[in-house]
2 protein chains.
Amino acid sequence: MATGRTHRPATRSRGIPEATVARLPLYLRALTALSERSVPTVSSEELAAAAGVNSAKLRKDFSYLGSYGTRGVGYDVEYLVYQISRELGLTQDWPVVIVGIGNLGAALANYGGFASRGFRVAALIDADPAMAGKPVAGIPVQHTDELEKIIDDNGVSIGVIATPAGAAQQVCERLVAAGVTSILNFAPTVLSVPDGVDVRKVDLSIELQILAFHEQRKAGEEAANEAAAVPLAPKESGKGPDGDVPAVMPA
Amino acid sequence: MATGRTHRPATRSRGIPEATVARLPLYLRALTALSERSVPTVSSEELAAAAGVNSAKLRKDFSYLGSYGTRGVGYDVEYLVYQISRELGLTQDWPVVIVGIGNLGAALANYGGFASRGFRVAALIDADPAMAGKPVAGIPVQHTDELEKIIDDNGVSIGVIATPAGAAQQVCERLVAAGVTSILNFAPTVLSVPDGVDVRKVDLSIELQILAFHEQRKAGEEAANEAAAVPLAPKESGKGPDGDVPAVMPA
DNA sequence: TTGTGTGAAACCGTTCACAGCA
DNA sequence: TGCTGTGAACGGTTTCACACAA
């Protein structure tokens with residue numbers, strides 16, 4: 001940094017906790033909104049509220065990046081936007097390919113927030129020959145045969161898999177073999193990848209199931225049909241919500 | 001349970017750790033696949049591999065549900081499928097509404113895995129009057145005006161928000177006011193909800209940014225242009241990836 | 001002998017509370 | 001005085017390692 005004498009990097013760069021990394025985009029979004037409203041500075045309290053976290057967590061998170069911020073005042077919005085962007089690697093261009101241009105793939109290609117923040121859809125790839133050449137979100141779909149060439153020509157290191165579950169592992173292997181080292185997986189499958197390749201998954205079905213779990217608990221508590229404090233009660237009698245155990249039983 | 005004498009519930013039901021709950025759908029998926037292949041039993045090792053976790057974690061997770069499983073043998077697949085389904089609340093029907101039928105909303109409506117596992121798309125809702133009546137995934141889109149009535153008539157407690165960011169908070173408030181207590185949010189905004197309402201968010205842009213962070217780190221390590229072990233080196237000179245700090249600087 | 005179930009230890013993330021700087 | 005930056009306490013999660021049941 002040219003003029004950054006007052007800001008010593010301290011714990012610089014090595015070992016930002018994963019939980020913190022996952023929140024940086026949240027802070028960045030809140031800061032960008034403030035920046036657009038030309039707000040010059042924010043306190044940890046205000047920014048935390050905008051990002052939906054508590055202020056202690058936010059301050060701790062920022063402390064891993066260095067001592068940006070002025071005691072008694074707060075944080076300089078523009079400066080923080082830059083620092084977080086740089087930390088996340090958003091000051092560079094990330095070409096991305098989307099494989100599997102069904103409903104979801106098309107939605108992703110059209111998603112605006114995708115193209116903002118440094119990500120650029122370099123290509124859309126689908127296995128269906130009938131799709132080839134058809135433009136989606138202004139980008140012509142290319143056939144899977146071209147996958148390796150596309151990755152190579154565009155220097156793609158991030159791939160998005162939006163194929164059916166059955167095709168995902170195979171697509172993943174081709175992406176990795178072609179040089180992709182980060183994968184965002186929308187297919188409902190566990191992907192096996194070699195060391196050094198990052199996979200993040202987004203799974204609608206799993207999210208819904210987690211919600212259902214909590215929803216069921218709420219319903220159960222609400223109608224407190226089981227006596228409130230029964231730590232070790234027998235309650236052996238058949239009391240399933242909708243029948244009993246299925247045909248097959250364990251030994 | 002009728003014949004479940006051998007399986008004492010132990011820690012039953014109260015307080016399954018959140019991290020465990022989040023993995024149950026993963027186990028369920030792996031078990032369902034085994035079930036379809038008529039595999040009668042699995043060891044923790046095998047199932048863990050299929051679910052992409054390690055076996056110690058899996059056993060610990062299952063221990064919160066009770067002592068299903070036979071020492072020296074493994075777990076009965078069908079029985080576990082049932083127990084996890086019940087724990088997650090998937091033995092009952094969950095009507096779901098999707099609000100915002102753009103590219104993403106349509107993709108969600110068409111997503112098959114959605115409709116499986118107990119979730120049923122009760123209605124599609126959009127603010128655009130031109131969409132009203134148009135069928136998406138075989139379900140006619142209804143106008144936002146009908147939102148409260150739809151929630152009420154169908155006893156909906158889970159809502160999916162796939163609107164633009166600007167509309168999300170307002171839609172959220174209407175859903176909550178109408179009785180929805182679990183929300184899956186695809187809009188890139190922080191939603192404010194009253195206590196007792198669960199929100200889970202899915203954010204493509206955030207996932208990509210997290211990948212970019214790690215990707216950048218890999219690139220930095222690979223080309224180890226900064227001398228390997230320099231814990232407290234000055235390195236003050238301008239060395240930004242693409243220029244230096246922006247115009248606005250902190251005090 | 002095999003593989004589950006689980007205390008105990010190690011690890012990570014969050015919250016507290018306050019010293020210290022502008 | 002106000003708000004950041006951070007050590008220390010806390011709580012949750014993962015891993016270890018082994019007793020114990022089939």
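This structure is a prediction, so every number in the text was calculated from the model and none was measured. Every heavy atom of this structure was used, including side-chain atoms; hydrogens, water molecules and symmetry mates were not.
Proximity note for Thr70(B) (side chain, C-beta onward) versus dT6(D), dA22(D), dT14(C): the nearest is dA22(D). Candidate nucleotides dT15(C), dG13(C), dT6(C) were compared by shortest atom distance to the side chain of Ser63(B), and dT6(C) ranks first.
Note that CZ of Phe119(A) is 11.0 Å distant from OH of Tyr111(A), once rounded to the nearest 0.5 Å.
As a whole-Å value, the separation of Tyr64(A) OH from dG5(D) P is 14 Å. The NZ atom of Lys57(A) sits 18 Å away from the P atom of dC12(C) (whole-angstrom rounding). Taking atom CD1 on Ile16(A) and atom P on dC12(C), their separation rounds to 16 Å, with Å as the unit. Taking atom CD on Gln83(A) and atom P on dG5(D), their separation rounds to 12 Å, with Å as the unit. Look at CG on Leu58(A): it is 12 Å from C1' on dG5(D), rounded to the nearest Å. Tyr68(A) places its OH atom 11 Å from the P atom of dG5(D), with the value rounded to the nearest Å. If you take CG of Leu65(B) and C1' of dT4(C), they are 14 Å apart, rounded to a whole angstrom. Distance, Asp61(A) CG to dG5(D) C1': 13 Å, rounded to whole Å.
The closest donor-acceptor contact from the side chain of Ser85(A) to the backbone of Val81(A) lies under 3.5 Å. Thr32(A) places a side-chain N or O within 3.5 Å of a backbone atom of Leu28(A) that can act as its donor or acceptor partner. One N or O on the side chain of Gln169(A) and one on the backbone of Ser192(A) form a donor-acceptor pair closer than 3.5 Å.
Nearest-nucleotide assignment on DNA chain C puts the 5′-proximal partner with Val73(B), out of Asn54(A) and Val73(B).
When all heavy atoms of Gln216(A) and Glu87(B) are compared, the closest pair comes out as NE2-O, 2.9 Å. In plain terms, the two heavy atoms of Tyr27(A) and Leu47(A) that are nearest each other are O-CD1, 4.4 Å.
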Quick one: which protein N/O atoms are closer than 3.5 Å to N/O atoms of nucleotides 16-19 of chain D? Pair and distance per line, please.
none

Open item on the list: Could you walk me through whether Ile161(B) and Leu175(B) satisfy the side chain to side chain contact (heavy atoms under 4.5 Å, CB included) test, starting with their C-alpha distance in whole Å, then the side-chain angles of each, then the deciding distance to 0.1 Å, before giving a yes or no?
Closed with: CA-CA 10 Å; Ile161(B) 297 179; Leu175(B) 287 173; 3.9 Å; yes

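Taking the salt bridge (Lys or Arg N to Asp or Glu O under 4.0 Å) definition, one finds that Glu46(B) meets it with nothing, sequence neighbours left out.
The residue Phe62(B) sits apart from the nucleic acid: no heavy atom pair falls under 4.0 Å.
Heavy-atom distances under 4.0 Å link DNA chain D to Ser43(A), Ser44(A) of residues 28-45 of chain A, given in residue order.
The residues Arg29(A) and Asp203(B) are annotated as salt-bridged, a charged nitrogen and a carboxylate oxygen being separated by less than 4.0 angstrom.
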